Amino acid sequence: MKAWRVAALGEPQDVLRLVDVADPEPGPGQLVVKVLACPANFPDVLMCRGEYQVKPQLPFTPGVELCGEVVALGEGVDGFAVGDRVLGGATLPFGGFGELALLDAAATFPAPAALDDAEAASLYIGYQTGWFGLHRRAGLRAGETLLVHAAAGGVGSAAVQLGKAAGARVIGVVGGPEKAAVARALGADVVVDRRVEDFVEVVKAETGGRGADVVYDPVGGDTYQRSTKCVAFEGRILVIGFAGGQIQSATLNHALVKNYSIVGLHWGLYHRYDPAAVAECHRALSALAAQGAVRPLVSERLALAEVAEGIQRLADGVTVGRVVYAS
């Protein structure tokens, strides 16, 4: 099969090569799928650079989530059959940016009929992260104000939709007028272009000085620090990631005197400690998709030959929504 491979570490456009590799064989509890769609995720960028917490042995094919058609079953796999349309997290080194990929059956789920292949592939990591973050970690309630940073990106766009589905008032922060238009189309009640407005002042004005009840922060660094200035009494700041490139330091005395919580989320740990919750989340997300309450925003659909350029655009911060390889 043809697949993109990383044999040395660096920027995606420099280290990704489209090559012929042997087809994967399923081990016990695994599935081989024909890749129907695979979105680019920031972990793919970080793995190309060697900066992610998971460091696959070289060479490897990135692509951490996908939608595929089952073509082979490993020993002990039940509940799936050849021809099933599924989604899930890829088992490296056979990631989703190739013609075939490897999945663990325990982390594989039926693809919702309401979504096409590219949308279904994008329902997994970003939406599961949003669902666990907003509901399990932050306890978002209807009527609360949710502040979402990077609201036009893959992770942020999911949080906007999930926040609206939960009955929250959503304030989205973006960089630039194009991304502002995307955040509005996603359903954000208020959109802040951080290049021309101070989101701290906007949040205070929109909440009568109270602040945001929940802050969804996949950016980190100064974005986190400024968010502490507009979080409400008994608010919750969700630490999702550090796409801005700087890991912030929390001033705990400030959390104490303002009475807010700093809540971390490493979604992957639920696979280890509470896999039943991951399955429950998938059922909830599939129901929301069937109702039309959530639908991943796919901004680009790439041919296999265009994957390296697409991942690099994600790394450069110039994409909106999801950039997806669709076969």
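Since the model is a prediction, treat every value here as computed from it, not as a measurement. Numbering of residues begins at 1 and proceeds along the displayed sequence.
A salt bridge links Arg313 and Glu300; the closest N-O separation between the charged side-chain nitrogens and carboxylate oxygens is under 4.0 Å. The pair Asp20-Lys2 meets the salt-bridge criterion, with a side-chain N (NZ, NE, NH1 or NH2) lying under 4.0 Å from an Asp/Glu carboxylate O. With salt bridges taken as basic N to acidic carboxylate O contacts below 4.0 Å, one links Asp116 and Arg301. By the 4.0 Å N-to-carboxylate-O rule, Arg226 lies close enough to Asp198 to be salt-bridged with it. A salt bridge links Arg295 to Glu119: one of the charged nitrogens lies within less than 4.0 Å of a carboxylate oxygen.
Between Phe199 and His149, the two ring planes are perpendicular [angle over 60°; tilted spans 30° to 60°].
Closest non-hydrogen pair, Val15 versus Gly10, comes out as CG1-N, 3.4 Å. Considering all non-hydrogen atoms of both residues, Ala3 and Val21 come closest at CB-CG2, 3.9 Å. Across Gln128 and Leu285, no two heavy atoms sit closer than the pair N-CD1, 3.9 Å. Across all their heavy atoms, Val82 and Val71 have their closest contact at CG2-O, 3.8 Å. Between Leu58 and Ala8 the shortest heavy-atom distance is CD1-CA, 4.2 Å. Heavy-atom minimum distance, Ala188 versus Gly172: CB-N, 4.3 Å.
In Lys34, the NZ atom is not crowded: 12 or fewer heavy atoms of neighbouring residues, nucleotides or ligands sit closer than 6.0 Å. The number of heavy-atom neighbours closer than 6.0 Å to CD of Glu75, taken from other residues, nucleotides and ligands shown, is 12 or below. A 6.0 Å sphere centred on NZ of Lys164 holds more than 12 heavy atoms belonging to other residues, nucleotides or ligands.
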**OP:** Begin with the C-alpha distance, continue with both residues' side-chain angles, and end with the deciding distance and a verdict on ring pair (Phe, Tyr, Trp, His ring centres under 6.0 Å) for Trp4 and Phe60.
**Re:** CA-CA 8 Å; Trp4 287 93; Phe60 69 92; over 10 Å; no
**OP:** Decide yes or no on salt bridge (Lys or Arg N to Asp or Glu O under 4.0 Å) for Arg283 and Glu280, but give the supporting numbers first.
**Re:** CA-CA 5 Å; Arg283 288 190 291 271; Glu280 174 195 354; 5.9 Å; no
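In this structure, CD1 on Ile171 lies 8.5 Å from CG on Leu146, to the nearest 0.5 angstrom. Distance check: Met47 CE to Glu51 CD gives 12.0 Å after rounding to the nearest 0.5 Å. Taken to the nearest 0.5 Å, the CG atom of Leu304 stands 9.0 Å off from the OG atom of Ser327. If you take CZ on Arg210 and NZ on Lys204, they are separated by 14.0 Å, rounding to the nearest 0.5 Å. Taking CZ of Arg195 as the reference point, atom NZ of Lys179 lies at 6.5 Å (rounded to 0.5 Å). Interatomic distance, CD of Glu144 versus CD of Glu234, reported as 10.0 Å (0.5 Å rounding).
Results of the side-chain contact (heavy atoms from CB on, under 4.5 Å) test with Tyr216 over Thr129, Leu147, Val239, Leu162 single out Thr129 as the only residue that passes. Each of Val148, Val215, Val263 was checked for a side-chain contact (heavy atoms from CB on, under 4.5 Å) with Leu238, and the lone residue meeting it is Val263. With respect to Asp23, the side-chain contact (heavy atoms from CB on, under 4.5 Å) criterion is satisfied by exactly one of Val32, Leu100, Leu102: Leu100. In summary, of the residues considered (Val77, Thr108, Val33), a side-chain contact (heavy atoms from CB on, under 4.5 Å) with Val70 occurs for Val33 alone. The only member of Pro12, Pro62, Pro59 that meets side-chain contact (heavy atoms from CB on, under 4.5 Å) when paired with Val6 is Pro62. The side-chain contact (heavy atoms from CB on, under 4.5 Å) test with Leu66 singles out one residue from Leu36, Val324, Asp117, Leu103, and that residue is Leu103.
Between Tyr260 and Phe233, the ring centre distance reaches or exceeds 6.0 Å. If you look at Tyr127 and Trp267, their ring centroids are not closer than 6.0 Å.
At least one donor-acceptor pair closer than 3.5 Å links the side chain of Glu65 to the backbone N or O of Ile125. With hydrogens and angles disregarded, a donor-acceptor distance shorter than 3.5 Å links the side chain of Arg322 to the backbone of Ala40. Although no hydrogens or angles enter the test, the distance criterion places no donor-acceptor pair under 3.5 Å between the side chain of Asp104 and the main chain of Ala106. Asn41 places no side-chain N or O within donor-acceptor distance of the main-chain N or O of Pro43, the cut-off being under 3.5 Å. For Ser299 (side chain) and Val320 (main-chain N/O), a donor-acceptor pair under 3.5 Å exists by modelled atom type. Arg85 places no side-chain N or O within 3.5 Å of a backbone atom of Gly68 that could act as its donor or acceptor partner. At least one donor-acceptor pair under 3.5 Å links the side chain of Asp44 to the backbone N or O of Gly63. Side chain of Glu197 to main chain of Arg194: no donor-acceptor pair is present (N/O by atom type, distance under 3.5 Å, no hydrogens or angles).
With hydrophobic clusters built from ILVMFWY side chains whose heavy atoms lie under 4.5 angstrom apart, Leu123 does not share a cluster with Leu31. Cluster annotation: Phe97 and Leu16 are assigned to the same hydrophobic cluster (Ile/Leu/Val/Met/Phe/Trp/Tyr, side-chain heavy-atom contacts under 4.5 Å, transitive).
Judged by a 6.0 Å distance limit and a 45° cone about the ring axis, Arg5 is positioned over the six-membered ring of Phe94.
With no hydrogens or angles considered, no side-chain donor-acceptor pair links Gln13 and Glu309 at under 3.5 Å.
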